[in-house]
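Notes for the one structure printed next.
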Protein chains: 2
Amino acid sequence: MATLKDVAVLAGVSVKTVSNVVNGYAFVKPENRRRVEDALSATGYRPHLGARNLRRGRTGFLAFVVPELSIPYFGELAGGVIAAAQPFDWSVLIEQTQGDRERERATLASLGPHLVDGALVSPQAIDAADLARPGVPVVLLGEHPLALPLDHVGIDNVRAAHTAVRHLVELGRRRIAVVGQHPTRGTAAQRLAGYHRALAEAGLPRDEALVAEALRYHHRDGAEAMSVLLDLAEPPDAVFCFNDMLAQGAIRTAVDRGLRVPDDLAVVGFDNAEHSAFSVPSLTTVAPDKAALARAAVELVHRRTTGADFPPREVRIPFTLQVRESTAGPSRPT
Amino acid sequence: MATLKDVAVLAGVSVKTVSNVVNGYAFVKPENRRRVEDALSATGYRPHLGARNLRRGRTGFLAFVVPELSIPYFGELAGGVIAAAQPFDWSVLIEQTQGDRERERATLASLGPHLVDGALVSPQAIDAADLARPGVPVVLLGEHPLALPLDHVGIDNVRAAHTAVRHLVELGRRRIAVVGQHPTRGTAAQRLAGYHRALAEAGLPRDEALVAEALRYHHRDGAEAMSVLLDLAEPPDAVFCFNDMLAQGAIRTAVDRGLRVPDDLAVVGFDNAEHSAFSVPSLTTVAPDKAALARAAVELVHRRTTGADFPPREVRIPFTLQVRESTAGPSRPT
DNA sequence: GTGAAAGCGCTAACAG
DNA sequence: CTGTTAGCGCTTTCAC
């Protein structure tokens, strides 16, 4: 590979001049500029980003820490983050933690300024003590487990859950269950709060038996939780699941037991995975604006990396409730 | 951040000695080793990977070039690649091309040895002329568009398609359609060949009207293609889709038209997305061993980066046909 | 065993 | 406007 020096020798100028041309510095003698440009294309020169960044004191990388890329929501979000980071000349480094607290801790700890300029984190299991700042700006994306003074970009989870459950109430459902309660996940607590608020407003009693836990938020977890709920003496007539995979798993269990969705059981999900618009039945779900989420998070962490100093920001991204067949649809022909 | 030099000064030794300790060089005087280790933990030293790699002449990065991370198949694959790259101390750089030929070309061209040590590529639209080697080892993953002498890791697409279609034949289906034909995608041609072979073996006629194109392989494309197929004078009684999203979209259209799956229309997909085991009906699909795919590809590109010289390798990863409700299930109660 | 010094490819002072 | 030089943080000869 050609280096700056090679180009300089070929063009008969100094490295500085070549560097000036490469970096678009305006004041270069036209004659020299031409010769440099010729040499540039003759050698097929490409700057060594590592060396440039070493010199500039930046790394050129942004970390995106997620539980698993195989969860469609994070896949979609990651795509958005990569796209949003491009204008800032950032390459995105994706780190998977499997939602494991120890790995989240280790990952965060390893994220020094040597490796990345900043980080976007969707923490699952981590708690306050673990979030010792890794020395680079961190913006929490989606999850915000703690009342910590950290930048956060997300939707209003309490309000979103409230909207979802109120929708079920308005459809006349009385025994509304929830799937996805989680011991440490901050958004789970917030969504549960929104659920409780909606119940209270509707004058419906709380029933702890209707709150089902899920640890991994995959289809299987939703299916299993639903199974337990349907075994109750008084099974629910509706269920609000904390993500779409849980919801699809829940629907699967309901159908296996011969229930009709939404007639016997109405189901609401969360995240609006692409699939949910096409499933049978299609899934009513809370739809955050994922592209806006990614963009806002990248922009915020960028401002931090420029040294901007302001109090921790809480950025709220809009969401909508996508009403589909799993709550409002025609009962499917049999 | 502490540098090697800082540590050296604190420990009262030279940089070299510190470097030796950090890199696990055996012969360091115990006394010095202790002092260095103390200084190391006192300063919280972490090596600057960029600088190390600059010096070592490697980048520490592996590129993974995909159309879109929001496609669950690529999300799952990316997760596997990240995991498989870890043992080689590689961070994975994911590049999205949106399946666009120009962006694929540009991405490949930008992948110099300055940026990454190697690349894994799932090319969608690119053709021979564009695959001018970017100067680093490239391994094709999944797709292999051309009869080019390049390393390739994938499943036997002809055989996989043949297996899928034979399954439909054995169920007694006679008008078997295909969704996902594509002008440049190599795997599409291979899957079509497998389809034709299975038809021929069964003594079924070819009918060009039963071959539907799809450009983006999302749900919507499958839904639209299915719609056209169902409008035929003689609509199909089975359809083989080139990925699971197309298949789910096709099912959606069938259901919307009041057809029963699998009774009126049997559907087979490709990729075995996690979702397909839980959808209603669950989807019969070709299931490649994705973890093995990722592992084999990473290992192969690693061997290339060590300078190993051997003729282009073709690595075949096993697959299975997951038979589920969309072909063999009970007709769903109505 | 360890120190001094060179240099990976690049940019930023600083002269000129 | 352009050349020279130092140095980002690290590893690696090469002496000692």
Side-chain angles (χ1 to χ4, degrees), chain A residues 1-40 43-61 89 91 110 112-117 135-136 305, chain B residues 1-37 39-40 43-61 89 91 110 112-117 135-136:
Chain A
M1 289 295 289
T3 76
L4 260 198
K5 199 164 143 199
D6 298 334
V7 178
V9 170
L10 183 61
V13 298
S14 79
V15 258
K16 177 60 164 55
T17 305
V18 181
S19 175
N20 280 343
V21 172
V22 170
N23 291 290
Y25 182 62
F27 306 98
V28 178
K29 208 186 340 180
E31 155 81 22
N32 279 347
R33 175 179 297 278
R34 204 190 39 69
R35 298 176 55 175
V36 169
E37 276 163 355
D38 287 351
L40 243 25
T43 53
Y45 172 81
R46 335 215 91 245
H48 188 307
L49 270 52
R52 171 182 290 174
N53 289 331
L54 173 59
R55 182 62 238 233
R56 284 191 178 157
R58 73 182 301 246
T59 67
F61 292 103
D89 283 325
S91 292
S110 75
H114 291 334
L115 243 184
V116 298
D117 299 323
V136 296
T305 58
Chain B
M1 289 298 288
T3 76
L4 261 198
K5 199 165 143 197
D6 299 334
V7 178
V9 170
L10 184 60
V13 298
S14 80
V15 228
K16 175 61 164 57
T17 304
V18 181
S19 176
N20 280 343
V21 172
V22 169
N23 292 290
Y25 182 62
F27 306 97
V28 177
K29 209 184 345 178
E31 155 82 23
N32 279 349
R33 175 179 297 279
R34 204 189 42 69
R35 298 176 56 176
V36 169
E37 277 163 356
L40 242 25
T43 53
Y45 172 82
R46 336 214 90 243
H48 188 306
L49 269 53
R52 171 181 290 175
N53 290 331
L54 173 58
R55 184 58 237 233
R56 284 191 178 157
R58 74 183 299 245
T59 68
F61 292 104
D89 282 325
S91 292
S110 75
H114 291 334
L115 243 184
V116 297
D117 298 323
V136 297

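Values reported hereafter were calculated over all heavy atoms of this structure, with side chains retained and with hydrogens, waters and symmetry mates removed. Predicted, not measured: the structure shown is a model, and the values here were computed from it. Each chain gets a letter, A, B and so on, in the order its sequence line appears, and its residues count up from 1.
Shown here for A:A2 and A:T43, the closest heavy-atom pair between the two residues is CB-CB, 3.7 Å. The two residues B:T3 and B:Y45 make their nearest non-hydrogen contact at C-CE1, 3.7 Å. Residue A:A11 comes nearest to A:R35 through the heavy atom pair O-NH2, 2.8 Å, listed as atom of the first residue, atom of the second, then distance.
The CG-C1' distance, from B:L115 to C:dG9, rounds to 14 Å in whole Å. Atoms CG (B:N32) and C1' (C:dG3) sit 11 Å apart, rounded to a whole Å. In this structure, CD of B:E31 is placed 13 Å from C1' of C:dG1, rounded to the nearest angstrom. A straight line from CG of B:N23 to P of D:dT12 spans 7 Å, rounded to a whole angstrom. For the pair B:K16 NZ and C:dA4 C1', the computed distance is 11 Å after rounding to whole Å. Spacing between atom NE2 of A:H48 and atom P of D:dC8 amounts to 18 Å, rounded to whole angstrom units. Computed from coordinates, the A:D6 CG to C:dC10 C1' distance equals 13 Å when rounded to whole Å. We find that CG of A:L49 is positioned 11 Å from C1' of C:dC10, with the value rounded to whole Å.
With respect to B:V18, the side-chain contact (heavy atoms from CB on, under 4.5 Å) criterion is satisfied by exactly one of B:V9, B:V7, B:L10, B:V28: B:V7.
Summary of the strand contacts: B:G12 and A:Y45 both lie near DNA chain C, and taking for each the nucleotide with the nearest heavy atom, the more 5' one is attributed to B:G12. Nearest-nucleotide assignment on DNA chain C puts the 5′-proximal partner with B:K29, out of A:K5 and B:K29.
In the set D:dC10, C:dT2, D:dT2, the nucleotide with an atom closest to the side chain of A:N20 is D:dT2. In this structure, the nucleotide among D:dT11, C:dT11, D:dT2 sitting nearest to the side chain of B:R56 is D:dT11. Side-chain atoms of A:A51 lie closest to C:dC10 of the nucleotides C:dC10, D:dT11, D:dG9.
Phosphate contact (OP1/OP2 of D:dG9, side-chain N/O of B:R52, threshold under 4.0 Å): absent. For the OP1/OP2 pair of C:dG3 and a distance below 4.0 Å, the side-chain nitrogens and oxygens of B:S14 include at least one atom meeting the criterion. Taking only side-chain nitrogens and oxygens, B:T17 never comes nearer than 4.0 Å to OP1 or OP2 of C:dT2. For the OP1/OP2 pair of D:dC10 and a distance below 4.0 Å, the side-chain nitrogens and oxygens of B:S19 include no atom meeting the criterion.
Residue B:N53 is out of contact with every strand shown, counting any heavy-atom pair closer than 4.0 Å.
Residues A:D117 and A:T59 bring a donor and an acceptor atom of their side chains to less than 3.5 Å of each other.
No N or O donor and acceptor, one from the side chain of A:R55 and one from the base of C:dG9, sit under 3.5 Å apart.
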